[in-house]
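Labels below follow one simple rule: chain letters A, B, ... track the order of the sequence lines, proteins then strands, and each chain is numbered from 1. As a basis for the values below, the full set of heavy atoms in this structure was taken, side chains included, without hydrogen atoms, waters or symmetry mates.
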Protein chains: 2
Amino acid sequence: MNSFDAIDRSIMRILQDRGRISNAELAERVGLSPSACSRRLDILEKSGTISGYHARLSHAALDYKMMVIVHISLSGQFAKTLTEFEAAVKLCPNVLVCYLMSGEYDYILRVAAKDLADYERIHRDWLSALPHVVKINSGFALREIIDKPNVGL
Amino acid sequence: MNSFDAIDRSIMRILQDRGRISNAELAERVGLSPSACSRRLDILEKSGTISGYHARLSHAALDYKMMVIVHISLSGQFAKTLTEFEAAVKLCPNVLVCYLMSGEYDYILRVAAKDLADYERIHRDWLSALPHVVKINSGFALREIIDKPNVGL
DNA sequence: TCTGAAAACCAAACAGT
DNA sequence: ACTGTTTGGTTTTCAGA
């Protein structure tokens, strides 16, 4: 299930950058006929290797100027505690990323906000309301250096 | 430049989830003729509101099973120090995200690795080699709860 | 697993409202 | 600013190697 040749990797690399490229142009750039290329792409998609295609929206253009990294500690690590927290955090539209972590804090979140007042609202209405939370630590991003969706192939 | 109506928002919402949808289907789902829809999409792209389309590759399928959050402190905050660090960090293919932060640490990084040995290599060859670094703190993600590219519209 | 051809489908441009 | 039409290009399926 997990052995890709050079052409598969080319297809993935190109689609990472240009997700809406036509199959015809993709085929030409990887050196296959359009039908052969289409078939390989179909396999990559159906196997889940390519899990989807997404438009990238400019956060700035949408007025989301603020990115906040939030560390959260819970009152315990029982499965039920974690499950309830995770179900709740998934409902917050401003939480882009959430990982269960090793170390001092239990979870790390990446939260998008329009401005400080917007973040104050999110903190009050969503983050503070999450179940089993005992500590919240917010760090504000001053500038974005890198933000890419995938590791370079 | 920044006033979108309900149809624009629908277009963006749909393309966030299905970046490779055809213009014909997109038009039908937002209730426009294909040509009107195409014209709106063109404006959204040319204005930079939609900054690109990207295939999402399954990290697991590519053997990147490990996600590490790295906090880094530098020896100072002079512009030259930051600029040199940032130029260097951009060269590391495993660093997916890097933000300049307020607070205890200067930068936060999100690093993808195949396994612990791979992360050891990245830490030794890339992270420790970054200029002006005085402290590195690595936290390992145990499980991914949420990872979406954009805030819900 | 590829190529090539054919049918179904789609995008882009344009004229009209 | 949207619609409908037209033209040329694209995707997909299928036969054959």
Spacing of B/N23 atom CG relative to C/dC10 atom P, expressed in whole Å: 10 Å
Distance in angstrom units between A/D5 CG and C/dT1 C1', rounded: 11 Å
Exercise: identify the closest heavy-atom pair between A/A55 and B/N150: O-OD1, 3.3 Å
Proximity to DNA chain C (any heavy atom under 4.0 Å), residues of residues 9-17 of chain A only: none
Interface residues of residues 28-45 of chain B with DNA chain C (non-hydrogen, below 4.0 angstrom): B/S35, B/S38
side-chain hydrogen bond (donor to acceptor under 3.5 Å, both in side chains) against B/R29, all qualifying residues, sequence neighbours excluded: none
side-chain hydrogen bond (donor to acceptor under 3.5 Å, both in side chains) partners of A/E28, counting only residues at least two apart: none
Boundaries of the chain B footprint along DNA chain D (any atom under 4.0 Å from a heavy atom): D/dC2 to D/dG4
Answer yes when [X] and [Y] have at least one side-chain N-carboxylate O distance shorter than 4.0 Å, and no when they do not.
X	Y	result
A/R124	A/E120	yes
A/D115	A/K65	no
A/D106	A/K135	no

A/S73 and A/Y107 side chains, donor-acceptor separation under 3.5 Å: no
Test salt bridge (Lys or Arg N to Asp or Glu O under 4.0 Å) applied to A/R9 - qualifying residues, sequence neighbours left out: none
